[in-house]
Amino acid sequence: RVLFRSIDETCRALSFLPLNHVYERMVLYLYMSKGMSIYYAQNMATIADDLRDVQPHIFTTVPRLLEKVYDKIMAKGHELTGIKKKLFFWATGLGVQYKPYSENGFLYEFQLKIARKLIFSKWQEALGGELELLVSGSAALQPRLTKVFTAAGIPVMEGYGLTETSPVISVNDMR
């Protein structure tokens, strides 16, 4: 299964990190080399609105922002009642158990398909509806966030590099 299509001129990216940051600069060079459309967030407070307006396919971020997004999603889950609340927490619990490379088994994959349809599709809508890839860098990302977003159908790639020597040295794969 292809998690992210080829990066080409039909892709849209949303940028919010400072352009003088080596991580963001390197990613912008990649976007430009592929002819992608690059949109810039107005400011930190408008990122959620910008995601819905731009409907990006790819979004580079830092762990702290992903943590805030996750916390906001979880807060909305706590506001739910009845069966909706039970389904929400069932789906997020399922997401935290996600394993890459189809190691989850048939029953898990079947349940995940249901969770994606009922719950995780709303996460996707909140992030613009077309987000295919999150790229996180500049600090370590909590593994549970990688698992739950990937289970939600929004794979997370995490890059590593030393700012002083190179923006990105290695990146995990997207499964």
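In what follows, residues are counted from 1 in the order of the sequence shown.
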Q.
With a sphere of 6.0 Å drawn around NZ of K85, does it hold more than 12 non-hydrogen atoms of other residues, nucleotides or ligands?
A.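 Yes - once you tally the heavy atoms of other residues, nucleotides and ligands closer than 6.0 Å, there are more than 12.
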**Q.** Heavy atoms of other groups near F110 CZ, more than 12 under 6.0 Å
**A.**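 No, CZ of F110 has 12 or fewer neighbouring heavy atoms, counting only those of other groups under 6.0 Å.
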Q) Between S15 and E24, is any side-chain donor less than 3.5 angstrom from a side-chain acceptor? A)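 Indeed, the side chains of S15 and E24 share at least one donor-acceptor pair under 3.5 Å.
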Q) Checking salt bridge (Lys or Arg N to Asp or Glu O under 4.0 Å) for the pair R52/D49: CA distance, chi angles, key distance, verdict? A) CA-CA 5 Å; R52 284 189 294 276; D49 293 332; 2.6 Å; yes
Q.
E130 vs R12, test: salt bridge (Lys or Arg N to Asp or Glu O under 4.0 Å). Steps then yes/no.
A. CA-CA 9 Å; E130 296 196 30; R12 289 182 303 277; 3.1 Å; yes
Interatomic spacing from [atom1] in [X] to [atom2] in [Y] - rounded to 0.5 Å:
X	Y	atom1	atom2	value
Y23	S136	OH	OG	5.5 Å
K34	I58	NZ	CD1	11.5 Å
I47	Q42	CD1	CD	10.5 Å

Q. Can we call the ring centroids of F89 and H78 under 6.0 Å apart?
A.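 Yes, ring centres under 6.0 Å apart.
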Q) With the threshold set at 4.0 Å, does a side-chain nitrogen-carboxylate oxygen contact exist between E67 and R64? A)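 A salt bridge links E67 with R64.
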(Q) Going by the rule side-chain contact (heavy atoms from CB on, under 4.5 Å), which residues pair with Y108 if we only count those two or more places apart in sequence or in a different chain? (A)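 Applying side-chain contact (heavy atoms from CB on, under 4.5 Å) to Y108 gives L94, Q97, Y98, N104, L112, A151.
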Q. How close do K117 and S121 get, heavy atom to heavy atom, and via which atoms?
A.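 For K117 and S121, the tightest heavy-atom pair comes out as O-OG, 2.9 Å.
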